[in-house]
Amino acid sequence: QVQLVESGGGLVQAGGSLRLSCAASGNILNVNGMGWHRQAPGKQRELVASISSSRSTNYADSVKGRFTISRDNAKNTVYLQMNSLKPEDTGVYYCNLRATIPLTSIRRDYWGQGTQVTVSS
């Protein structure tokens with residue numbers, strides 16, 4: 001029983017900034033990392049940024065230098081600071097939590113409901 005609640009999406013002009021937040025709750029154990037994915041209309045969901053439990057980060061080439069992912073492990077909360085936004089950043093952004101099922105080696109991904117980010121030109 002894990003729930004991810006996202007907030008911070010909205011409409012901004014190109015060059016603007018936006019910060020997304022995602023708080024995880026429930027029976028959360030053995031968290032490997034958290035991240036953000038996005039999906040534009042007619043396209044597949046793609047990885048935007050991820051952060052491990054040790055705070056090691058990974059970014060898509062298209063957002064590196066503009067986006068910053070961070071997390072508060074104690075609160076199981078992940079953030080995505082988005083600067084210098086471009087119209088191509090438009091899409092539904094989904095929060096992800098990856099965990100290993102206790103007493104197994106099976107990994108499972110949990111997903112938020114998604115939050116819309118629209119960048120106008």
Side-chain angles (χ1 to χ4, degrees):
Q1 296 176 327
V2 176
Q3 184 178 18
L4 304 179
V5 180
E6 303 164 349
S7 62
L11 173 64
V12 298
Q13 289 187 317
S17 298
L18 203 62
R19 185 180 69 188
L20 305 182
S21 300
C22 173
S25 62
N27 188 18
I28 305 172
L29 296 172
N30 302 329
V31 177
N32 303 128
M34 299 182 73
W36 292 91
H37 297 241
R38 69 186 179 191
Q39 187 169 21
K43 297 183 178 180
Q44 290 189 318
R45 188 176 301 183
E46 64 175 346
L47 173 69
V48 177
S50 63
I51 183 167
S52 71
S53 295
S54 63
R55 300 181 188 270
S56 176
T57 59
N58 183 49
Y59 297 92
D61 288 341
S62 61
V63 307
K64 194 168 187 176
R66 299 187 297 119
F67 291 8
T68 302
I69 189 170
S70 61
R71 69 181 295 183
D72 184 333
N73 288 359
K75 297 191 293 186
N76 283 321
T77 301
V78 64
Y79 307 91
L80 185 66
Q81 179 66 47
M82 304 185 293
N83 298 326
S84 301
L85 284 163
K86 304 175 181 179
E88 51 262 43
D89 294 319
T90 294
V92 179
Y93 284 67
Y94 297 90
C95 178
N96 163 257
L97 183 151
R98 176 169 289 180
T100 300
I101 299 174
L103 304 180
T104 77
S105 60
I106 302 173
R107 292 179 296 180
R108 178 171 178 173
D109 288 318
Y110 300 89
W111 297 91
Q113 79 286 352
T115 184
Q116 177 70 43
V117 172
T118 303
V119 184
S120 62
S121 59

Self-check item: Test item: side-chain donor near acceptor, Asn32 and Thr100, under 3.5 Å
Solution: yes
Exercise. For residues Ser121 and Pro87, report the shortest heavy-atom separation together with the two atoms involved.
Key: CB-CG, 3.9 Å
Exercise. Indicate the atoms forming the closest heavy-atom contact of Asn83 with Ser17, along with that distance.
Key: OD1-OG, 2.9 Å
Practice problem: Grab the two heavy atoms, one from Leu97 and one from Ile28, that are nearest each other, plus how far apart they are. | Solution: CD1-CG2, 4.3 Å
Exercise. Working to the nearest 0.5 Å, report the span between CZ of Arg55 and CG of Asp72.
Key: 6.5 Å
Quiz prompt | Audit row: Asp89, Arg38, side chain to side chain contact (heavy atoms under 4.5 Å, CB included) steps and yes/no | solution = CA-CA 9 Å; Asp89 294 319; Arg38 69 186 179 191; 2.9 Å; yes
Quiz item: If you group Ile, Leu, Val, Met, Phe, Trp and Tyr by side-chain heavy-atom gaps below 4.5 Å, do Tyr79 and Ile51 land in one group?
Solution: no
Quiz item: Which word best sums up how the rings of Trp111 and Tyr94 line up, parallel for under 30°, tilted for 30 to 60°, or perpendicular for over 60°?
Solution: perpendicular
Quiz item: Can you name the one residue among Asn96, Leu20, Ile69 that meets side-chain contact (heavy atoms from CB on, under 4.5 Å) with Val78?
Solution: Ile69
Quiz item: Which distance, rounded to the nearest 0.5 Å, do you find between the OH of Tyr59 and the CH2 of Trp36?
Solution: 13.0 Å
Practice problem: Measure the spacing between CE of Met82 and CZ of Arg19 and express it to the nearest 0.5 Å. | Solution: 11.0 Å
Exercise. Go through the steps for Val2 and Arg108 under the test side chain to side chain contact (heavy atoms under 4.5 Å, CB included), then give the verdict.
Key: CA-CA 11 Å; Val2 176; Arg108 178 171 178 173; over 6 Å; no
Exercise. With rounding to the nearest 0.5 Å, note down the distance linking CG in Leu11 to CD in Gln116.
Key: 9.5 Å
Quiz item: Where is the tightest heavy-atom contact between Gly9 and Val117, given as atom of each residue plus distance?
Solution: CA-CG2, 4.3 Å
Exercise. Walk me through it: do Val31 and Arg71 pass the test side chain to side chain contact (heavy atoms under 4.5 Å, CB included)?
Key: CA-CA 12 Å; Val31 177; Arg71 69 181 295 183; 3.6 Å; yes
Self-check item: Taking every non-hydrogen atom, the tightest pair across Ala49 and Leu80
Solution: CB-CD1, 4.2 Å
Exercise. List the steps, then state whether side-chain hydrogen bond (donor to acceptor under 3.5 Å, both in side chains) holds for Ser54 with Ser56.
Key: CA-CA 6 Å; Ser54 63; Ser56 176; 5.3 Å; no
Quiz item: Can you pull the disulfide (SG to SG under 2.5 Å) pairs that have at least one residue in residues 17-121, sequence neighbours excluded?
Solution: Cys22-Cys95
Quiz item: What's the spacing between Asn30 CG and Ser105 OG if we round to 0.5 Å?
Solution: 11.5 Å
Quiz prompt | Shared hydrophobic cluster, Tyr110 / Tyr93 (ILVMFWY, side-chain heavy atoms < 4.5 Å) | solution = yes
Self-check item: Heavy-atom closest contact (Leu18 atom, Gly10 atom, distance)
Solution: CD2-N, 3.8 Å
Exercise. Drop me the distance from Arg98's CZ to Met34's CE, to the nearest 0.5 angstrom.
Key: 12.5 Å
